Amino acid sequence: MASEWKPRVRQYQLETSRIECPLEDCPPEEHPLKAIVVETIQAKKADKKSKKDKDEPAIVDPLSTKEEIVDPLSQASIDPLSQAISDPLSAVLTDSVKIGSTFGAPVSKEEDRDITFEPWSSKRTGILEKYTTSEKIPITTSFLSNEERQKLETRATAVMEADKVKHRLEQLDDLEDGGQQETLNLSQKEYIRKIDTMNRSLTDAWQRDQRVMSLKITIQCSKLLADNGVIHFYPSKFVLITDILDNFGNLVFERIREKSAYTPPNSSKSIELPKNFSPEQVPESAKETCRNWFFKIASIRELVPRFYVEAALLNCYRFLTDQEFTQALIRLTKMTRGIGDPLVAAYARAYLCRVGQTVATSGREYVVINFTDYLNTFSQLNSDFVQNILAVQSLDMSKYLRLFVPAVEWILQCVAHKGTEKLLEEVIGLIKEKTSSGLVYNALISSFDPRFISKRALEFADLIKDSEETVVSKYELYVSLGNCVVIVDPPEKQRMPLLNNVWKPVMKLEDPSQYISCAQVWIEYVAKHFTRKEVNTLLGDIIKHMMPGKAFEDHYSEILSIVNKILPYFTDFSQLFSMDKFLPYIDLCQKESVKVEASKNIVRSFTVKQTTDTNDPLIINGMMYLCKILHDSLDAMSLNDDRRQISELITSFLGKISFGRDFEQQLSFYVEARAAFSNLDAVLIYLVHNVNLLAMQTRLLVKGNHNRKTASFVRACIAYSFITVPSIDAILYRLNLYLISGRVAVANGALSQGDAFFKAAVTALKEVPQYMDMDHRRQSTEDFAQSFFCNLFSTLLVIPDNPDREPLLLIRSALNSLEDYNWIENSDTKYKVYSSAICLLAAVCQDKYLYSIDKVDSNDALYSGEKKFTNEVVSLVSKLLAVIWNHIKGLTSPDDAKRQAKLALGLFARLSVHSDVTDPAVSKMLVNIWNIAQRENSGLSGDLLARIKSLVSGRKECAGLAGMLAVPTDTF
């Protein structure tokens with residue numbers, strides 16, 4: 001087999017012309033991309049279908065845009081609330097949005113609150129977390145023990161049906177006496193558990209039809225709201241107790257609603273009231289039950305429990321009349337004036353406003369009255385009653401007033417909801433008459449529409465200046481005001497005066513926490529409405545306040561937030577980096593994680609907003625500084641995802657820097673970047689590609705005719721790549737870059753440098769391991785090796801040999817590396833690559849190569865027709881054939897039959913194309929290889945073998961060979 005091979009003489013141009021398909025213009029009516037319309041002839045059906053219906057195709061394209069055919073995916077953009085028919089999940093969601101309320105009662109569309117109204121549920125958790133205590137909390141109960149519960153159940157069972165009314169009246173008389181009472185002193189956790197137990201007891205009693213018992217529990221829970229024994233826990237107590245009241249209100253409402261169901265004539269199924277029912281639809285029996293509940297409440301002698309229980313049942317007035325809500329709310333509002341404790345009264349008003357927002361959002365008179373009544377209680381704060389409470393509980397006035405915050409904020413939110421600008425003026429007037437408390441001003445600013453606040457920003461700045469700091473400090477008011485003017489722009493004439501009025505007192509703040517809280521909000525206002533000069537001044541002032549005592553170490557989150565708020569308002573990064581305080585401000589982030597996060601945000605913003613290339617030195621220096629921070633933050637322990645993310649940011653930045661036709665400056669920039677980011681493979685790979693691109697752009701510019709200057713520059717680019725590629729750790733990328741850079745070198749006439757790249761690639765192949773982690777799993781590298789060797793062979797075809805050395809030196813080196821490569825044991829990939837090498841050597845023997853490099857003489861020009869050169873190639877191919885043949889013949893195991901056949905068939909396909917099949921020795925060799933491929937136990941498809949024989953028969957010179965090829969008869 002070693003001396004039988006001869007290369008086939010190829011004429012590439014002639015072969016190409018034979019296989020080329022002639023191009024023809026396609027008629028418009030036969031265009032392959034034209035939409036297919038299938039039409040059918042339908043029988044005429046008079047008075048049933050219009051002419052238009054008859055002409056429509058029977059088979060309709062599902063992607064049609066006809067209005068009658070609606071794409072189901074296109075309906076995703078349709079508002080489900082606007083559809084008459086929607087999916088059941090959408091219907092449930094719609095009902096919950098339209099009907100849901102605090103008490104489970106339906107409300108009309110007009111009563112729906114918009115998204116600007118913060119629900120009580122979102123405040124609840126915050127109150128429970130903020131208002132805590134470590135003291136023992138007293139609680140008086142008389143209805144929670146298991147023994148009493150059993151007695152009540154026994155007693156209820158023993159009562160005769162005729163005595164039920166009498167028994168209930170006796171219970172009503174005992175509602176407030178409570179029988180045997182027990183006073184406990186509980187910790188906060190125990191108290192909360194006790195309240196939860198009371199709530200479950202309420203529900204249990206209700207489910208056992210013990211309505212009066214449920215009312216008794218509710219009344220005694222309400223009494224707890226009159227007790228301010230542990231006053232700093234009162235807001236949390238209010239939240240817990242009102243949960244019970246809400247539960248009781250739900251139970252009563254649903255009970256009356258169930259009793260309102262009726263059974264139509266000739267029907268066995270009862271019908272419930274509709275969601276938005278009217279009093280006329282409620283039967284008289286249900287109304288009577290509703291009145292009885294309110295009569296029971298009227299028998300409660302103490303003010304606080306009577307108020308809370310009636311407020312909890314306020315929604316039940318819907319069963320009686322539509323006109324009672326406003327009157328009842330105003331009546332209950334006036335009842336709160338009888339509560340002597342200002343704190344208890346404030347939370348009672350808050351609860352009434354919460355209930356009122358659910359049942360009667362259209363009427364607002366009671367809300368304003370409640371707020372006015374609260375303002376009137378400021379005169380009580382200096383009374384002996386309040387002072388005695390503070391003295392007993394060792395509480396100062398500021399801490400006492402902070403207990404009012406949740407109640408006041410909720411009341412003012414209800415006042416401001418859907419309020420007008422005129423209402424804001426009236427509320428401001430009321431506040432000015434009664435108090436200058438910062439607590440009230442802060443709630444006012446936070447509650448009303450930011451449009452109204454921003455329009456009067458200067459007025460509010462003056463109010464804040466004169467406000468009292470007993471509860472809320474002025475800096476908190478400035479923060480609230482800043483949030484409004486950032487959301488809504490104030491009038492242009494007020495912008496600079498507002499900034500001066502606010503920042504003068506802010507600059508005087510000595511507490512770094514207070515100062516940075518204001519700066520965090522107002523920096524966005526400055527960046528939004530003013531120039532970089534003002535932003536730079538403000539940054540300098542922040543640095544001045546944060547440096548003493550290293551205060552910045554306690555406020556990294558605020559410092560980072562300020563950076564994030566500045567960035568959206570800078571599209572020209574030359575202005576950002578021209579501020580002399582910007583980078584020093586970044587240096588405040590001395591904690592590495594914070595500095596890295598700030599740098600990431602700036603670089604990310606730059607890559608998004610810098611839509612054009614730039615070579616501004618300010619931008620380059622600033623961004624290089626930030627990217628260097630990102631680069632230096634990585635170490636051996638860094639996650640791969642962090643390395644990937646930072647690499648993407650840096651390469652995105654590098655891609656934005658362009659010096660146009662100044663290629664030398666561009667190369668200098670890449671040299672600097674290589675030194676700065678030497679530990680990131682992805683960045684180095686990007687730089688090598690860009691430098692290679694520079695070399696090819698230079699070649700294009702001079703049209704391949706390099707002069708001394710361009711040749712020197714190109715060699716500098718190639719030297720850059722040759723120095724950089726070895727420093728890349730990823731061996732697979734390194735090999736590809738060697739190959740690409742070698743091609744660039746040869747294309748630019750740097751043959752010796754190109755040889756150095758190829759030799760380095762061949763040498764580095766030994767470093768490739770058998771297995772590597774690729775695509776998050778461990779895989780063999782043989783597929784890569786096979787692809788790389790084929791790619792290398794296609795390149796070596798046009799690389800000329802050095803005349804001072806033996807021919808085919810590079811090809812021999814590649815084959816030697818192929819032999820030394822760390823192949824998997826018993827793998828066939830090595831021999832497949834040998835087969836590809838035979839194709840390369842067959843092409844090397846041709847007088848004219850299929851492709852070439854402009855202005856580079858390949859071996860076809862150097863050794864054209866030389867018999868010595870051809871003999872070298874034939875000798876080399878013969879050796880390869882011997883190695884492949886021995887491997888094929890060595891596969892004697894039955895399990896290896898299919899492997900053997902596949903290898904033989906692949907070798908046959910290559911040799912039949914690249915060998916001189918007219919030579920008898922070559923034909924005999926090919927027949928022997930074919931016979932191995934078509935053995936009975938080969939496992940190959942007979943159809944495949946038949947098709948290959950047919951292809952061979954199609955060539956004239958292969959006619960004799962085709963006649964000698966046998967194909968299994970079962971394929972015909």
Side-chain angles (χ1 to χ4, degrees), residues 539 556 559-560 562-564 566-568 570-659 662 665-691 693-694 720-721 723-725 727-730 733:
L539 289 177
Y556 281 134
I559 292 172
L560 182 59
I562 288 173
V563 174
N564 296 337
I566 290 175
L567 290 176
F570 281 88
T571 54
D572 185 356
F573 275 74
S574 62
Q575 292 189 6
L576 185 68
F577 290 111
S578 65
M579 296 188 299
D580 60 340
K581 301 298 182 183
F582 181 70
L583 291 180
Y585 177 81
I586 299 299
D587 288 336
L588 285 178
C589 304
Q590 294 188 10
K591 187 178 180 181
E592 184 182 14
S593 60
V594 179
K595 181 174 280 191
V596 168
E597 187 63 28
S599 300
K600 277 185 182 179
N601 293 338
I602 298 170
V603 176
R604 189 179 293 113
S605 179
F606 172 80
T607 58
V608 171
K609 294 183 180 179
Q610 188 69 35
T611 56
T612 59
D613 295 340
T614 181
N615 56 17
D616 190 319
L618 277 174
I619 294 178
I620 294 175
N621 292 335
M623 292 298 297
M624 285 291 288
Y625 172 76
L626 296 173
C627 289
K628 191 71 168 65
I629 292 173
L630 298 179
H631 172 270
D632 294 344
S633 69
L634 299 173
D635 54 30
M637 302 299 293
S638 298
L639 298 175
N640 289 334
D641 189 59
D642 291 336
R643 301 181 73 88
R644 177 193 57 78
Q645 188 180 102
I646 290 176
S647 297
E648 288 178 355
L649 289 174
I650 294 176
T651 52
S652 296
F653 152 66
L654 296 176
K656 301 288 185 181
I657 307 302
S658 174
F659 292 88
D662 191 350
Q665 186 67 26
Q666 190 78 37
L667 181 60
S668 297
F669 171 70
Y670 289 148
V671 171
E672 182 183 354
R674 179 181 62 188
F677 314 123
S678 58
N679 293 329
L680 289 174
D681 277 2
V683 177
L684 295 179
I685 293 168
Y686 179 83
L687 289 172
V688 171
H689 281 304
N690 277 22
V691 170
L693 180 61
L694 270 183
Y720 178 99
S721 298
I723 295 170
T724 307
V725 173
S727 62
I728 297 173
D729 293 330
Y733 285 104

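Given the structure is predicted, the values throughout are model-derived calculations rather than measurements. The figures that follow rest on heavy atoms only: side chains count, while hydrogens, waters and symmetry mates do not.
The two residues Ile620 and Phe669 have their closest heavy-atom pair at CG2-CE1, 3.8 Å. Heavy-atom minimum distance, Leu583 versus Gly622: CD1-CA, 4.5 Å. Closest approach of Ser721 to Val688, counting heavy atoms only: OG-CG1, 3.9 Å. Minimum interatomic distance between Leu588 and Tyr556 (heavy atoms only, all atoms of both residues): O-CE2, 3.4 Å. The nearest pair of heavy atoms linking Thr611 to Lys656 is CA-NZ, 4.4 Å. The shortest heavy-atom contact between Gln610 and Ile619 is OE1-CD1, 4.4 Å.
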Assess the residue pair Met579 and Gln575 against the criterion (side-chain contact (heavy atoms from CB on, under 4.5 Å)); give the C-alpha distance rounded to whole Å, side-chain angles, the decisive distance to 0.1 Å, and a yes or no.
CA-CA 7 Å; Met579 296 188 299; Gln575 292 189 6; over 6 Å; no
Go through the steps to decide whether Cys589 and Leu560 satisfy the test side-chain contact (heavy atoms from CB on, under 4.5 Å), and finish with yes or no.
CA-CA 8 Å; Cys589 304; Leu560 182 59; 5.7 Å; no
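The shortest side-chain heavy-atom distance between Ile646 and Ser638 does not fall under the 4.5 Å cut-off. Using a 4.5 Å cut-off on side-chain heavy atoms (C-beta onward), Ile657 and Asp613 make no contact. Side-chain contact between Phe677 and Met624 is present, with heavy atoms from C-beta onward closer than 4.5 Å. Side-chain atoms of Asn690 and Leu654, non-hydrogen and from C-beta on, never get closer than 4.5 Å to each other. Side-chain atoms of Ile650 and Tyr686, non-hydrogen and from C-beta on, never get closer than 4.5 Å to each other. A 4.5 Å side-chain heavy-atom check between Leu694 and Tyr670 finds at least one atom pair inside the cut-off. Side-chain contact check for Leu618 versus Phe573: every heavy-atom pair is 4.5 Å or farther apart. In this structure the side chain of Leu539 reaches within 4.5 angstrom of the side chain of Ile566, judged on heavy atoms.
No more than 12 heavy atoms of other residues, nucleotides or ligands lie within 6.0 Å of NZ in Lys581, so this atom counts as exposed by the packing criterion. By the neighbour-count criterion of 12 heavy atoms within 6.0 Å, atom OH of Tyr733 is sparsely surrounded, having that number or fewer from other residues, nucleotides or ligands. More than 12 heavy atoms of other residues, nucleotides or ligands lie within 6.0 Å of CG in Asp641, so this atom counts as buried by the packing criterion.
In this structure, Gln666 contributes its side chain and Val691 its backbone to no donor-acceptor pair below 3.5 Å.
The CG atom of Leu649 sits 9.5 Å away from atom CZ of Arg644, with the distance rounded to the nearest 0.5 Å. A distance of 8.0 Å separates CZ in Phe570 from CZ in Phe582, rounded to the nearest 0.5 Å. Atom CZ of Phe659 sits about 8.5 Å away from atom OG1 of Thr614, to the nearest 0.5 Å. Distance check, rounded to the nearest 0.5 Å: CG of Leu630 to CE of Met623 gives 8.5 Å.
Residues meeting the side-chain contact (heavy atoms from CB on, under 4.5 Å) test with Leu693, sequence neighbours left out: Gln697. Among residues two or more places apart in sequence or in another chain, the salt bridge (charged side-chain N to carboxylate O under 4.0 Å, His left out) test is passed with Asp729 by none. Every residue was checked against the salt bridge (charged side-chain N to carboxylate O under 4.0 Å, His left out) condition with Lys591, not counting sequence neighbours, and none meets it.
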Please tabulate, for side-chain N and O atoms in residues 594-604, each donor-acceptor pair with protein atoms closer than 3.5 Å (sequence neighbours left out).
from   : atom 1 : to     : atom 2 : distance (Å)
Ser599 : OG     : Lys595 : O      : 2.9
Lys600 : NZ     : Gln645 : OE1    : 2.8
Asn601 : OD1    : Arg604 : NH1    : 3.3
Asn601 : ND2    : Asn564 : OD1    : 2.7
Asn601 : ND2    : Glu597 : O      : 3.3

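Among pairs with a residue in residues 671-681, those fulfilling side chain to side chain donor-acceptor pair (under 3.5 Å) read Arg674-Thr724, at least two apart in sequence or across chains. Legend: side chain to side chain donor-acceptor pair (under 3.5 Å) pairs involving residues 616-630, not counting sequence neighbours, sorted by first then second residue: Asp587-Tyr625, Lys628-Asp632.
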